[in-house]
Undergrad: 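My questions all concern the structure below.
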Amino acid sequence: MMPPLMPTYARADLAFDHGEGAWLVTADGRRFLDFGAGIATNSLGHAHPHLVAAIAEQAARVMHVSNLYRVEGAERLAQRLVDATFADSVFFCNSGAEANEGMVKMVRRAMAARGQPERTRMICFSGAFHGRTLAMLSATGNPKYLDGFGPAVDGFDHVPFGNLNSLRDAITPQTAGILVEPIQGEGGVRVGSPEFLRGLRAACDEWGLLLAFDEVQCGMGRTGTLFAYQQSGIGPDVLSSAKGIAGGFPMGAILAREEVARHLTPGSHGTTFGGNPLACAAANAVLDVLLAPGFLGTVAERGRQLEAGLRRLVRDMPGVFSGVRGVGLMLGLQCAVPNTEVQAACLASSLLTVAAGENVLRVVPPLVVGAGDIEEGLNRLRLAAQRLAPVGVLEGAAR
Ligand SMILES: *Cc1c(COP(=O)(O)O)cnc(C)c1O
């Protein structure tokens, strides 16, 4: 029989009643350590007092007014993002896919305004994930997600991630820009090297293309800087954000340089909910925490602690883990057995993680995770691996 809730997810048979920090608790009191953070979205963990108060206070005043009126929280949030990044202007929406769609529209519109309306195509990369709308399925390019959904939307070309020669070969007179995740999330926590990102910037400058970064997952503090690109020495022309931006409240954003943003004149793009007072109150509260002196440095430090622990696990449990990837608190364990089995073993050890491509297990705790919680998570990962490890591997391990 068809369940009333459409079965688009193979959900774990587990429901949470409440949370606190990096922990989630079921109604019958079982505690889980949350190193999945709602797919890298609960940036401040669960029930963060500052975020809870900001949402409650705003909800009690006014939640939504539409974009026909000024929204002071949106103006303030945009100003803060502009001050902290390459961007001159920001558009708010409701999700990562919607931000990416708007970003591609902006790129196309800027090309048309330049007198090059034939430049409509985006170069994307193998292993990418840009969302589930019809156009972003095409940008993603993964046949698994396209199956049965009719003809792929035209305008997206794919080259291997990390390969600048293929990228240069793929540029044509119809190319408008490059769309890339500086660190691929769903694809398996694949890190674009600073050299690769700088090479993309150079190719865009040489050919007059626009560089679009999808930082829906790797942005908003996850890598230890507000955005991941800030560790590469270059900047994009336009950038999408979502997931962690409002700590679990649904929100997306497009950050853009003036040359791109100024072509979105009144009426050219829109959203009903995007940037409403409630979402902006949540995002401003998240920024209060992220931009507080020392916070992002602590994220980087916790990332080093977690990464070092994961490397010890790989050394000690080579039958289960084969490598570590990632930056800051966006980390992945390459698995030597199916990652879904490791994920299930973690769940049995009351640790939440997220599977990703290339047989990687994502380890993406909330950014507020404490040093003690990280040690506890590492203990649970070791326990989970011991459930799976072949006996001979365990005997050969140092500890
Ligand atoms: C999750 C994700 C998206 C899609 O975001 P939604 O909010 O689910 O639409 C797009 N790009 C990246 C890199 C993501 O991780």
Side-chain angles (χ1 to χ4, degrees), residues 6 8-9 11 36-43 91-107 122-142 144-146 149 153 156 158 161-162 177-192 197 200 211-223 227-229 236 238-255 271 273-275 279 282-283 286 325-332 353-358 360-364 367:
M6 214 175 278
T8 52
Y9 283 88
R11 298 168 192 266
I39 317 188
T41 293
N42 294 101
S43 41
F91 179 88
F92 295 115
C93 54
N94 307 286
S95 72
E98 189 188 358
N100 284 333
E101 289 267 346
M103 188 156 76
V104 172
K105 281 179 70 177
M106 272 189 206
V107 167
M122 301 298 289
I123 299 180
C124 307
F125 295 88
S126 58
F129 183 80
H130 298 299
R132 303 288 197 143
T133 58
L134 283 170
M136 286 310 111
L137 283 179
S138 273
T140 295
N142 185 336
K144 188 175 86 181
Y145 299 141
L146 283 158
F149 293 120
V153 171
F156 302 92
H158 287 83
F161 185 68
I178 296 171
L179 172 59
V180 65
E181 297 154 82
I183 304 175
Q184 289 188 344
E186 307 300 311
V189 193
R190 298 165 83 199
V191 180
L197 298 181
L200 297 180
L211 183 57
F213 281 171
D214 177 347
E215 291 221 22
V216 167
Q217 189 158 161
C218 62
M220 291 313 287
R222 180 129 305 266
T223 63
F227 289 101
Y229 82 84
V238 56
L239 175 150
S240 59
S241 176
K243 287 199 165 78
I245 191 171
F249 195 90
M251 185 181 220
I254 309 168
L255 283 65
T271 162
F273 290 121
V286 168
R325 311 164 161 193
V327 180
L329 285 174
M330 183 165 180
L331 294 168
T353 56
V354 193
E358 295 199 336
V360 163
L361 188 72
R362 258 176 294 180
V363 185
V364 285
L367 306 185

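Order of listing sets the numbers, starting from 1, for every ligand and every atom in it.
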Undergrad: Closer than 3.5 angstrom, by distance alone: can the side chain of Arg362 be matched with the main-chain N or O of Ala355 as a donor-acceptor pair?
TA: yes

Undergrad: Might you confirm whether atom CZ of Phe273 has over 12 heavy atoms from other residues, nucleotides or ligands at distances under 6.0 Å?
TA: no

Undergrad: Could you work out, for atom 7 (O) of ligand 1, the closest of Cys218, Gly252, Gly185, Gly96 by heavy-atom distance?
TA: Gly96

Undergrad: Who's the nearest protein heavy-atom neighbour of atom 14 (C) of ligand 1, and how far?
TA: Lys243 NZ, 2.9 Å

Undergrad: Relative to the heavy atoms of Ser95, which atoms of ligand 1 are at a distance of less than 4.0 Å?
TA: 7 (O), 9 (O)

Undergrad: Do you know which two heavy atoms are closest between Arg132 and Leu137, and how far apart they sit?
TA: O-CG, 3.8 Å

Undergrad: For the residue pair Ser240 and Ala99, what are the closest heavy atoms and their distance?
TA: CB-CB, 3.8 Å

Undergrad: Which ligand 1 atoms, with their elements, are less than 4.0 angstrom from a heavy-atom of Ala97?
TA: 4 (C), 5 (O), 6 (P), 9 (O)

Undergrad: Quick check: Phe129 and ligand 1, any N/O pair under 3.5 Å apart?
TA: yes

Undergrad: Using a strict threshold of under 4.0 Å (side-chain N to carboxylate O), is an ion pair present between Arg190 and Glu181?
TA: no

Undergrad: Give the atom numbers and elements of ligand 1 that come within less than 4.0 Å of a heavy atom of Asn100.
TA: 10 (C), 11 (N)

Undergrad: Looking at Leu200, Leu179, Val238, Leu239, which one forms a side chain to side chain contact (heavy atoms under 4.5 Å, CB included) with Leu211?
TA: Leu200

Undergrad: If I compare all heavy atoms of His130 with all of Thr140, which pair ends up nearest, and what's the gap?
TA: N-OG1, 2.8 Å

Undergrad: Examine Gln217 against ligand 1 and note whether any of their N/O atoms are separated by less than 3.5 Å.
TA: yes

Undergrad: Could you list which atoms of ligand 1 come closer than 4.0 Å to a heavy atom of Asp214?
TA: 10 (C), 11 (N), 12 (C), 13 (C)

Undergrad: Should Glu181 be counted as touching ligand 1, given the test is an N or O pair under 3.5 Å?
TA: no

Undergrad: Backbone, side chain, both or neither: what part of Ala242 comes under 4.0 angstrom of ligand 1, heavy atoms only?
TA: neither

Undergrad: Please state whether the rings of Phe125 and Phe161 are parallel, tilted or perpendicular, taking 30° and 60° as the class boundaries.
TA: perpendicular

Undergrad: Looking at atom 5 (O) of ligand 1, tell me if a protein heavy atom falls under 4.0 Å from it.
TA: yes

